[in-house]
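Any value given below was found using the heavy atoms of this structure, including those in side chains, with hydrogens, waters and symmetry copies removed. Order of the sequence lines sets the chain letters (A, B, ...), proteins ahead of strands, with each chain counted from 1. Note that this is a predicted model, so its numbers are computed, not measured.
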Amino acid sequence: MLTKRIIPCLDVTLDKAGGSVVKGVEFVDLKEAGDPVELAKFYNEEGADELVFLDITASAHGRGTMIDVIERTADEVFIPLTVGGGIGSIDAIRQILRAGADKVSVNTSAVKNPEFIKESSEIFGAQCIVTAIDCRRNTDVKNNPDKTILELEDGTPAWYEVVIYGGREGTEIDAVQWAKQAEKLGSGEILLTSMDRDGTYAGYDLPITRKLSEELDVPIIASGGVGNPRHIYEGFTEGKADAALAASIFHFREHSIGEVKDYLKERNVPVRL
Amino acid sequence: MKRIVIIDYGLGNLRSVQKGLEHAGASPVISGDPEEILAADGVILPGVGAFVDAMKCLLPLKETVYEYAKSGKPMLGICLGQQLMMSTSEEGQLTGGLDLIPGKVIRFPKSELKVPHIGWNNINITQDHPLFKGIPDRAFVYFVHSYYVDTSPEHTLAACEYGLEFAASVVNSEGNVLGTQFHPEKSGDVGLQILENFVGMC
């Protein structure tokens, strides 16, 4: 039986010396607390089903060190690796895959130029191309009759707007319609992040997660807001997601991946143990 | 040390296969040179992307692959590599494969299940073969594919269930041409054991 995937996300940035470091990690039990490769090994041993590296520097120097991080990780960790953050050219994708990543996630560049998904999917295969969609709730439905209106937890109608540049810029684009378009253009998966929930520990944004899971044929990775194992459970059951991405709860050791998987297994969610 | 050639005919992540084989104690090289391929102790046919494009890229090496397969030395196709070994594929238009193993490559039917089939699924080992030595039945391995291989039980080493049962691993009648639909180089310790088993056969 196909299992639900648990994916820790590592935000990789540069330290003062120009080396790579993972943001927001408070491990006491690792020698090199912020080293992406050490963390990748650690999560692999804990039972992570995949890993996501997000290059949050989005600079040329950042890209260079990222390639080195991917190579060193792929040399030691034998589970799927997705790399995202500022990827905007076929050449960048080729470099990242060659270094040992299995998939890339594209975000702002795809919103600005949707054909980029099609082009990269035709060259590298749909299984390589994950479209990352950052979105935000918008309760102004009166002035947006062309948007997909969903019902929030308290019954309020809302639509979800795609945001870019890490959430700094709105686009007026409907997230549901954009996800469908991304699938049609050749995306093999959708990584959905709720900017309303990101960092809140309030749980995934279930209405939009569920809507995309039901409407699309490709797998949906839920992201943004996980504070406890129950949130991941809800992402799979109520949100119908195929995979759950989380960062802080793992990085701060509030819960281990093993704990989350045990919690899910007890509640009959299929997981790889 | 066993010399394994990973056939290079285009794109994708070959580094993980290479490192996985090194982990298994082999000395792998990535090459598209016919002489190197024929001199190898073992050959890996990798593959990501579309069937038609991959067959086109592989065309200059087709005779080399046939000659190698005839030698009786082991060859392992991974993911699309396994699919390329079959008779035909319906991806794009109906396309002929290498036909090293009889069988068809078919798209998963439309259902409530997501396509591509992405993630960790367990396999049911249906034949005793050195490739699966020490691998427990129902072991989890990593899949990512939209098309699956349909072949006879005698050519199936392991099966997997995703809406329907498909060949997760295949073998030719002579026993030296092998395929896995899953990615052993991305299947953690189970996958590394399978690669080690393959190296052991070389």
Side-chain angles (χ1 to χ4, degrees), chain A residues 1-7 44-45 47-51 70-81 83 90 93-94 96-104 121-128 130 183 186-190 213-214 216-221 240-243 270-273, chain B residues 10-24 30 47-51 53-54 79-80 91 108 110-124 138-147 160-163 182-195:
Chain A
M1 188 179 209
L2 184 66
T3 55
K4 298 287 186 183
R5 290 172 277 157
I6 306 294
I7 309 175
N44 175 42
E45 275 156 33
D49 295 310
E50 292 189 33
L51 294 169
I70 300 165
E71 286 180 349
R72 288 191 292 123
T73 304
D75 291 356
E76 296 187 67
V77 177
F78 296 94
I79 58 172
L81 174 64
V83 175
I90 296 295
I93 297 179
R94 184 173 287 124
I96 288 166
L97 297 180
R98 247 190 218 154
D102 302 282
K103 316 178 205 180
V104 295
S121 174
E122 278 171 1
I123 295 174
F124 303 103
Q127 81 292 331
C128 281
V130 181
E183 174 183 80
S187 248
E189 278 177 291
I190 303 288
S213 299
E214 285 174 347
L216 272 68
D217 285 329
V218 298
I220 307 296
I221 306 163
K240 298 190 172 179
D242 301 282
V271 287
R272 176 181 71 113
L273 286 175
Chain B
L11 305 150
N13 169 16
L14 300 183
R15 189 183 178 95
S16 295
V17 189
Q18 188 180 18
K19 293 295 164 181
L21 289 166
E22 277 176 18
H23 205 273
I30 297 171
V48 290
F51 191 96
D53 292 340
C79 196
L80 181 66
E91 186 177 346
F108 280 113
K110 204 140 176 82
S111 73
E112 76 281 5
L113 293 174
K114 299 291 178 87
V115 178
H117 170 221
I118 299 183
W120 297 79
N121 203 332
N122 41 16
I123 50 170
N124 174 19
R138 315 306 298 164
F140 281 105
V141 289
Y142 186 81
F143 290 90
V144 47
H145 60 128
S146 299
Y147 291 77
C160 179
E161 180 90 30
Y162 190 62
F182 56 87
H183 285 270
E185 79 282 15
K186 288 289 159 181
S187 296
D189 292 340
V190 169
L192 290 175
Q193 180 65 53
I194 291 170
L195 288 179

Contacting region of [X] [heavy-atom separation from chain B under 4.5 Å]:
X      : result
A:D242 : side chain
A:A101 : backbone
A:I93  : neither
A:E189 : side chain
A:A126 : neither
A:R5   : side chain
A:S121 : neither

Which bit of [X] comes within less than 4.5 Å of chain A, counting heavy atoms only: side chain, backbone, both or neither?
X      : value
B:H23  : side chain
B:S187 : backbone
B:I118 : both
B:H117 : side chain

Any non-hydrogen side-chain atom of [X] less than 4.5 Å from a side-chain atom of [Y]?
X      : Y      : result
A:I79  : B:Y142 : no
B:E22  : A:D75  : no
B:W120 : A:P270 : no
B:N13  : A:D102 : yes
B:F140 : A:D49  : no

Leading residue by heavy atom contact count with chain B [cutoff under 4.5 Å; candidates A:A243, A:P80, A:G125]: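 Result: the option with the highest number of such pairs is A:P80.
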If you compare all heavy atoms of [X] against all heavy atoms of [Y], which two are closest, and at what distance to 0.1 Å?
X      : Y      : result
B:S16  : A:G100 : OG-O, 3.6 Å
A:L81  : B:K186 : N-NZ, 4.4 Å
A:Q127 : B:V144 : CB-CG2, 3.3 Å

Using only atom types and a distance under 3.5 Å, with no angle test, would you say the side chain of B:N121 pairs donor to acceptor with the backbone of A:M1?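 Side chain of B:N121 to backbone of A:M1: a pair is present.
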Ignoring hydrogens and geometry, is there a side-chain-to-backbone donor-acceptor pair from B:K19 to A:V77 under 3.5 Å?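 Here the side-chain-to-backbone pair does not exist.
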So with a 6.0 Å cut-off around CG of B:N124, is the heavy-atom count from everything else above 12?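 Atom CG in B:N124 is crowded, with more than 12 foreign heavy atoms closer than 6.0 Å.
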